[in-house]
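The structure appears right after this line, and notes come after that.
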Amino acid sequence: SKHHFSKMSTTTANGPTAKTARVQLHGVLRHSTQKDLRKLIEKTWKGHDPVVHGNIVKIKKVPGATWATVTLDAAVVNSKDGTETVPSIDTTLENFVQFVNDTAHPKENERGYAVHAKRGLCRDGGGDGEKEGSDGGGDDEDGEETDQNREGKRRKLDAAMTIKSPSEICDAIAPMWKQPYEEQLRCKNKEMVRRCAIVICKEIKKNFAKRERESKRNANVKLTPLYEWVKERKGINVKDILPSPQKFFYRNKIELTFGYRYEKIADASVEDDCDNDHESKNIKKIPSVGFMVSGWDGPVASPFCCPHVPSEFCGIAGVLDDFLSSSPLKPYHQKSHKGCWRVLTMRSSVRTKQCMVIVQHAPVDDADILSAEKDRLIKMLVGEVPNPSARDFPDPMVSTGVREEEKDRPRVAVTSIFFQEYAGVSIPPPDHPVQHSYGKEFLEERLGKCTFQISPGAFFQVNTEGAERLYKVVTDAIADDINKKRESNGRNNDEEKNSPDDSNKEKTAEEGEKKQNNDNFDSSTLLFDVCCGTGTIGLTAMSEGIVGKVVGVDISRPAILDARRNAVRNGMMKDVTKDEDSKNEMDKSIGADHEEIVRFIDSRAELVLSSETYKARFNSGPTYAIVDPAREGLHHNVIKALRSAEKIERLVYVSCNPTKTLTRDATMLCAPVRVFYFLYFVYTMLFVLTLVYNDALQTPYLSFFSGQILAEH
């Protein structure tokens, strides 16, 4: 193929214009830097002469790549008569390529592997037998934009400056909103069968096939027969999806981004030229909060058209828009990292009529202005949340009764305001400090028989009514197992009776039934709540009388502190301290005693679960486990600890990422016995509960599977 090289105009120290060209070096080490490559060429490789092979202007290398681009400049040659000449860049380029590819003296990298060179690809035309400055899609030789480059910039600008309609905003946030709800459930059910249940069975079969191949090569590897349930046509029984109890305004938490909302100026024409900051004179930028539906370069989209956003959140967003219109501090820009206001987080509870607002901002130079703006914002937010202006729902959504449900929604008031300063690029960790500025230090929410307090950084399900239905399904799975064991034990006891007297049998049955009814709270039943958050699942199971002991583990310290206080609030743990501010003393006392029926541990699950499951061996009653991980799924050490725990009789997995991390973790939990994986689980059922209405599969909805532990092979 024909090789090309790039030519650029540069000015030497003496004034005349010289040419530069690029050469690609292949075979360099991944960890090598530009400084290492310059040293390798100029000092390690013998024979490099700048006059013959050109000066190295710069070296560009992508981290982790095995190639680099070297830009060469023809060196100025001083003759004996004092005149200066510049060799042809073609000659210099050819000399450098021959110097690197010389077979008599091969060039090697730091580890002794061969390095070869070739001419760089042409970006602006130019090269062997081609006209300089021909159109190659980039800048021409004089540095001016080509038509293709201008068209690319125009398309990028048009995409960034597009003002989306309410229907387009809903398409980006809730892609399935146009479909009837029954059709959404059918689509999700098919996706769960195709992308979750079938995939898990296939992956388990692959593991057994791999195990069989290993057993043929190694006699010490024991061949494990494939599970019978995997051989069946429907190895995993996928139940029908449980619908969300609430179709509209179900979110109890929303995060909006500070940015600019675009509005068109009347009687303005589209500009022909594209400026550098992607602005156009027919667009007006208004500071606002909203969803980032067009990427970091685009505007923020108003939440007023989204049916899942409650009215109180839209009312607060309207207050923030009024605040930003007169604020001297501008929204934070994600690329330039300039500005102040970053993210607005809102939590609410219709049942307790409370609302929490967390405003994240970047550090600013003038602390007095920031403090004054905080005080002004607090005054605007305090009190009952105002009704939002007319919400522009898409036309197909209006006929579903969304406006009638909006009118019947109870009003809430802002009861907590926090500010959070963050100078990082990405999102802060859950335990990043916040500044309490107004009202309560937490939000209260009623869920089932319990009342929970939620701190700013703690996790809580985004759909309260849906969470109640989810927890009922989870606790019912454990209760069914307990009841089956009671029935099995009762039958065994009846068989051991030697007396054939019917009256004795009736008396024994009555006593057993009476004992079961009066002793629903089994104090010996232990539940491991992994990734417990604020302790909602474990405390709900205890309030229903299903378990008697709970051990919760979560990485978020604020969530664990909330979980401990929630246990005290609901009468499941003794209150050893009345001072809410002395957190260190509370950490030492609450849940520190191993005899406590409720313990919550703030740590990574993979660091403590092995020791905690080992302690469960001494528990007299049955042991169960519930895992509710984040989208990243379970750590492999957590899976190893669960499989090594002989006492765990049933595992319930709640997943917000069922088609990815659930399939991966389920395959590992059901994999054949190996070193460090002593026991294994088998599926009994798969439920899917949709907590998100009008949403697509990629957005989390929750599912779980549970398995009866089998004997060790």
Side-chain angles (χ1 to χ4, degrees), residues 156-175 177 249 251 253-265 277-348 357-362 364 373 377 380-381 385-386 388-394 419-420 422 424-428 462 694-695 699:
K156 184 177 180 180
L157 174 63
D158 292 342
M161 303 298 290
T162 299
I163 300 176
K164 295 186 178 293
S165 64
S167 296
E168 292 174 332
I169 295 174
C170 290
D171 289 340
I173 298 176
W177 70 274
F249 316 122
R251 295 279 306 198
K253 179 184 177 182
I254 288 290
E255 291 185 358
L256 301 178
T257 304
F258 286 88
Y260 291 92
R261 184 179 73 253
Y262 291 177
E263 289 186 359
K264 286 187 177 181
I265 301 176
D277 60 352
H278 289 183
E279 292 188 18
S280 182
K281 291 184 179 181
N282 70 319
I283 294 295
K284 180 181 179 181
K285 290 186 175 183
I286 303 174
S288 180
V289 292
F291 295 112
M292 300 292 293
V293 298
S294 301
W296 300 115
D297 282 339
V300 295
S302 172
F304 283 51
C305 62
C306 301
H308 66 287
V309 180
S311 301
E312 59 266 22
F313 292 158
C314 293
I316 295 175
V319 173
L320 264 294
D321 289 348
D322 296 339
F323 167 78
L324 291 173
S325 63
S326 58
S327 176
L329 302 176
K330 302 303 180 183
Y332 183 81
H333 193 269
Q334 297 291 340
K335 287 194 172 182
S336 64
H337 305 295
K338 296 180 181 180
C340 176
W341 310 113
R342 300 188 64 163
V343 178
L344 171 66
T345 304
M346 296 171 285
R347 294 178 182 265
S348 70
V357 177
I358 306 109
V359 179
Q360 183 189 118
H361 62 86
V364 296
E373 288 300 288
L377 179 58
M380 297 177 67
L381 289 173
V385 178
S389 57
R391 301 188 62 174
D392 50 346
F393 297 111
F419 290 93
Q420 184 181 52
Y422 184 62
V425 177
S426 185
I427 59 176
V462 298
N694 288 326
D695 218 335
T699 304

* Is any side-chain heavy atom of Y260 less than 4.5 Å from a side-chain heavy atom of K330? -> yes
* Asked: Of all heavy-atom pairs between E373 and S327, which one has the smallest distance, and what is that distance?
  -> OE1-OG, 2.9 Å
* Heavy-atom closest pair, residues G424 and R342 -> O-NH1, 2.8 Å
Show me the donor-acceptor pairs, under 3.5 Å and distance only, between side chains in residues 315-322 and residues at least two apart or in other chains.
| unit_1 | atom_1 | unit_2 | atom_2 | d |
| --- | --- | --- | --- | --- |
| D321 | OD1 | S288 | OG | 2.9 |
| D321 | OD1 | V289 | N | 3.2 |
| D321 | OD2 | S288 | OG | 3.4 |

* Is the shortest heavy-atom distance from the side chain of L256 to the side chain of F291 under 4.5 Å? -> yes
* CG on D392 to OG on S165, rounded to 0.5 Å -> 9.5 Å
* So do the side chains of F258 and L329 get within less than 4.5 Å of each other, counting heavy atoms only? -> no
* Could you tell me which non-hydrogen atom of K253 sits nearest to which non-hydrogen atom of R347, and how far apart they are? => NZ-NH2, 3.7 Å
* Asked: For Y332, which residues count as a side chain to side chain donor-acceptor pair (under 3.5 Å) partner, sequence neighbours excluded?
  -> H337
* **Minimal non-hydrogen separation, C305 against P394, with atom names** => O-CD, 3.6 Å
* Asked: Within a radius of less than 6.0 Å around CD1 of I427, do more than 12 heavy atoms belonging to other residues, nucleotides or ligands occur?
  -> no
* To do: Determine the interplanar angle of the W341 and F419 rings, folded into 0 to 90°, and report it as parallel if under 30°, tilted if 30 to 60°, perpendicular if over 60°.
  => tilted
* To do: Nearest 0.5 Å please: distance from the CD atom of Q334 over to the OG atom of S426.
  => 9.5 Å
* Find the distance between OG (S348) and CZ (F249) and round it off to the nearest 0.5 Å. => 12.5 Å
* Asked: Are the side chains of M292 and V300 in touch, meaning some heavy atoms are under 4.5 Å apart?
  -> yes
* Asked: Between S167 and W177, is any pair of side-chain heavy atoms under 4.5 Å apart?
  -> yes
* Asked: Between the side chain of R391 and the main-chain N/O of C306, is any donor-acceptor distance below 3.5 Å?
  -> yes
* Asked: What distance separates R261 CZ from I286 CD1, expressed to the nearest 0.5 Å?
  -> 4.5 Å
* Asked: So how far is it from K285 NZ to E263 CD, rounded to the nearest 0.5 Å?
  -> 13.5 Å
* **Side-chain touch F313/P303, heavy atoms, less than 4.5 angstrom** => no
* Structure fact -> Between A301 and I169 the two heavy atoms that sit nearest each other are CB-CD1, 3.6 Å
* Any side-chain heavy-atom pair of K284 and Y262 under 4.5 Å -> no
* OG1/T345 to CD/Q360 distance, rounded to the nearest 0.5 angstrom? -> 7.0 Å
* Structure fact -> Shortest non-hydrogen pair, K164 vs V293, comes out as CD-CG2, 3.7 Å
